[in-house]
Structure formats: C-alpha cells, structure tokens
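This structure is a prediction, so every number in the text was calculated from the model and none was measured.
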Amino acid sequence: MFELMFCSVLTIVPDYLYRHYVQGKRFGKEITFFSIWYELRWGITGCLMLTVSLITMIFYFHPTTDSATLYYRTVPILPEGSGRVAEVNVGYSQAVKKGDVLFSLDSSKQRAALETAKRKVTEVDASLTSAESDVVKADAQIQEAKANYQQAKDELDTKTELQRRNPGVVAQRDIEKLQVLADQRQAGIDAATASRQSAALRVSTLLPAEKASAEAVLAEAQVDLDKTFIRAGVDGRVEQFLVRVGDVVNQLLRPAGVLVPDGAGRRGLQAGFGQIEAQVLQVGMVAEATCISKPWVIIPMVITSVQDYIAAGQFRSGEQLIEAQNVARPGTILAFMEPLYQGGLEGVTPGSSCIVNAYTSNHEEISAKETSTGRAIALHVVDGVGLVHALLLRIQALLLPIKTLVLSGH
C-alpha cells in the first residue's frame, strides 16, 4: 500500500492535478471513473509497473523474513549406563552449577567391585613386604652358604697340602670327601644366590606390575562408582526433570531431563531467507529485528555468517533413490546474526520468533572513483528504498501485539 501511494504521487496525482487545474476539468463532471481510466490510463499503468518494480527492488535488495528464531541447544541429562535411581537432588526446574550431583543410581555392585579392588591392592602390598623379607633371608642364606663353603675349602686345602708334603699322612679318600663337600657347599651358594635373585625380581618387577594392575582395576572401579552420580556438565538450569527414586533410566531410551546451559540462545539469532537472496546476503550486512517476546522494540543486528548450504537438499544414502518432487517446500538461506550493540538481546526469551530485515549497503561502491554517475545514482536509489522496508518493520513491530493478542483468536 505504501509503495502504491508513493508511486501514485509520481504518476496519477500529477496527471490529475494538471487536468483539474490547468485544463479546468471537474471531478464528477468531465472527470468520471471512465474518463479517469481513459485519460489516466498511462499514469495508472505506469503506477502499477513502478509499484511492482519498487516492491521487487525493496524485497530483493533489502530481504525480510519472519522465519527467525533464537535457536539454542540443550544438554540431555543421561547416565553413561543404565540403572535404577537411588536418590534425586534437584527439582523439576532448578538452577545448577557445573559438577552438581543431579541424581544417583543404585551403586551396590560398583561399591562391591571397588572394595574387592582395594583388598587386591592390600594383598599385593603384603606380598611385596613378604618378598622384601625373602630378599633379606636370601642374603643371610648366601652368607651362611659362603661361610660353610669357606670352611670346607680351608679344610680341603690344609689336608691337600699335608698330602703333598707327606704322602700317606692323609688318606686319599678323605681328600675326595672334602672335595665333594666343598662342591656341595658351592652348590649351596649358587642355590642361595638364585633364590635371592628370584626374590629380588619379585620385589623389583613382578609385584610392582601386579600392584599397578590392581591399582588400575581400583581406578576403574572408582570410575564405575563415580558414573552412578550424574552431575551437571555445565552451568545452567534443569528443566522438566521428572525422574523419581525407583525409576529406571537408560542412556538410549529414557533420558532423565534437559539441562539448558547459561547463555543459551542469547548470543545470536538465526534467520532463514529465501533462496533468491543468496547473492544479496553478505557477511557484515546491517539488519534489524523485532521479536514477539519483546514487542515494540527494534534490535539492530549484523550478519556474522551465512550458511553455504541449504538444509532442504541434504539426504542420507539408503536403498532407495531420491525423488526430487518429494521435497515439500524449498529450503532457505540460513544467516547468523549478532546484536550490533552489547546487550541488544537482553529481555528476548531464547526460542522466541522474530521478524528480521537485512539492508544492502553500497556506500563503498558509490564512493569508488571508477563508479559511473548513473550507477551511483541507481545504487543511491537502492540504498534509499531501504527506508521503506525499515518503516514497514516498525509498523509490523507496532501491530505485532495486536496481531498476536487480538487477531489470532485470543
């Protein structure tokens, strides 16, 4: 309507004023509905063409959409396994901090496994102490075996020397017995040394490895026990938390509730524009938004990112070919926006529906020296008609509460 009135000022109104004041024709006499159409047909036709052109230019270079929302992602409250709820620590809706215990599962099995692992570590420690005592005992046995060997060796050397000096003084049989005894005592030293090495190997390698394994099992049991305490992963607010003591929760089938992180949906706004705007939407474009949850307020925005893909075109490979006509409606170009000023989205409820206008700016091209005069004028017109869209957005913001509360059937 505004575009039609504007175009009428440039076409029909001047023609009517000329015929009324210059030619002296009067409305209702010489000027009738038939004569208006016949005499102003070129103005009316030009008005309609100019209106269509103006509307096309406005909506193309300054796109608008009502498919804009402050999307946010929630964190499902899920255990890493499954089990029966033993204790609930939060209510239906409650603010929580990172690390707070939300609820706990029955942990009797995990506690038993943890106690078994602790006893295994204690058992290995006792074995290590015993093995250290075995090392000390083996050292003593080595010393004893060496002393016995030395005694037998000294007696053998003495009688061997006497036999050398005075043959027949010592019986050859006695010398052979002493030699066998010395060899036996040497074998005792070797056996004690091997026993000592075995005990030392247990102390230095075997038992520490067993202890490390037992401690790993203990740590695993502790982790399994900790998993029975479901904690908040981030600061936020628990919503729709209906789990109660005795309920069975499962990671795949039965989540316990939803955790909304702090700041979710308050950093930016996502808007879906028509596909025809793909060549117009650019990072850095200024935009404005008005949201239902904060009526009568225009929020200055800036486009920070434009998605390179249209979600409607994605598919998952399967056993059937894709039929293009099954796509119910064309997808949109998703643009990510942030407030132009800090705190611009304060008071806007996350998930709120909004209306967004984006405005093309050709200031740099207009200021460029190589831009021709005609093109500069045309670009000025393109930038200038954005004022019409800005005015329409403000009218929408003014009428939005009325449309929502009155005209929608409330």
Next item on the list: Might you work through the side chain to side chain contact (heavy atoms under 4.5 Å, CB included) test for Ile299 and Thr290, ending with a clear yes or no?
Entry: CA-CA 6 Å; Ile299 305 172; Thr290 180; over 6 Å; no
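- Note on ring orientation: taking the six-membered ring where Trp is involved, the planes of Phe103 and Phe241 are tilted (angle from 30° to 60°).
- Contact check for Glu210 versus Leu206: side-chain heavy atoms found under the 4.5 Å cut-off.
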Practice task
Go through Leu400 and Ile292 one step at a time and tell me if the side chain to side chain contact (heavy atoms under 4.5 Å, CB included) criterion holds.
Solution key: CA-CA 7 Å; Leu400 192 58; Ile292 297 178; 3.8 Å; yes
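- Contact of the Pro350 side chain with the Arg266 side chain is registered, since non-hydrogen atoms from C-beta on lie closer than 4.5 Å.
- Aromatic ring pairs are classed by plane angle as parallel below 30°, tilted from 30° to 60° and perpendicular above 60°; the pair Tyr359 and His62 is tilted.
- Between Ile298 and Glu288, some side-chain heavy-atom pair lies under the 4.5 Å cut-off.
- Within a 6.0 Å radius of CD in Gln94, more than 12 heavy atoms belonging to other residues, nucleotides or ligands are found.
- With sequence neighbours excluded, no residue satisfies side-chain hydrogen bond (donor to acceptor under 3.5 Å, both in side chains) with Lys118.
- Asn357 has its side chain out of reach of Leu392: every pair of non-hydrogen atoms, C-beta onward, lies at least 4.5 Å apart.
- Taking the side chain as every heavy atom from C-beta outward, Val306 and Phe273 never approach each other to under 4.5 Å.
- Residues satisfying the side-chain hydrogen bond (donor to acceptor under 3.5 Å, both in side chains) criterion with Ser293, sequence neighbours excluded, are Ser352.
- Judged as a disulfide (SG to SG under 2.5 Å), the pairs with a partner in residues 333-362 (not counting sequence neighbours) are, in order, Cys291-Cys354.
- Side-chain contact between Thr65 and Ile355 is absent, with no heavy atoms from C-beta onward closer than 4.5 Å.
- In this structure, a donor-acceptor pair under 3.5 Å is absent between the side chains of Arg375 and Thr371.
- Counting heavy atoms from C-beta outward, Leu398 and Trp296 have side chains that approach closer than 4.5 Å.
- In the displayed structure, Ile276 atom CD1 is contacted under 6.0 Å by at most 12 heavy atoms of other residues, nucleotides or ligands.
- Within a 6.0 Å radius of NZ in Lys294, other residues, nucleotides and ligands contribute more than 12 heavy atoms.
- In this structure a side-chain-to-backbone donor-acceptor pair under 3.5 Å is present from Gln270 to Tyr71.
- With a 6.0 Å radius and a threshold of 12 heavy atoms from other residues, nucleotides or ligands, Gln307 has its CD atom above the threshold.
- In this structure the side chain of Ile310 reaches within 4.5 angstrom of the side chain of Ile333, judged on heavy atoms.
- Using a 4.0 Å cut-off between charged nitrogen and carboxylate oxygen, Arg111 and Glu115 do not count as a salt-bridge pair.
- In this structure, Gln240 places its CD atom where only 12 or fewer heavy-atom neighbours from other residues, nucleotides or ligands lie under 6.0 Å away.
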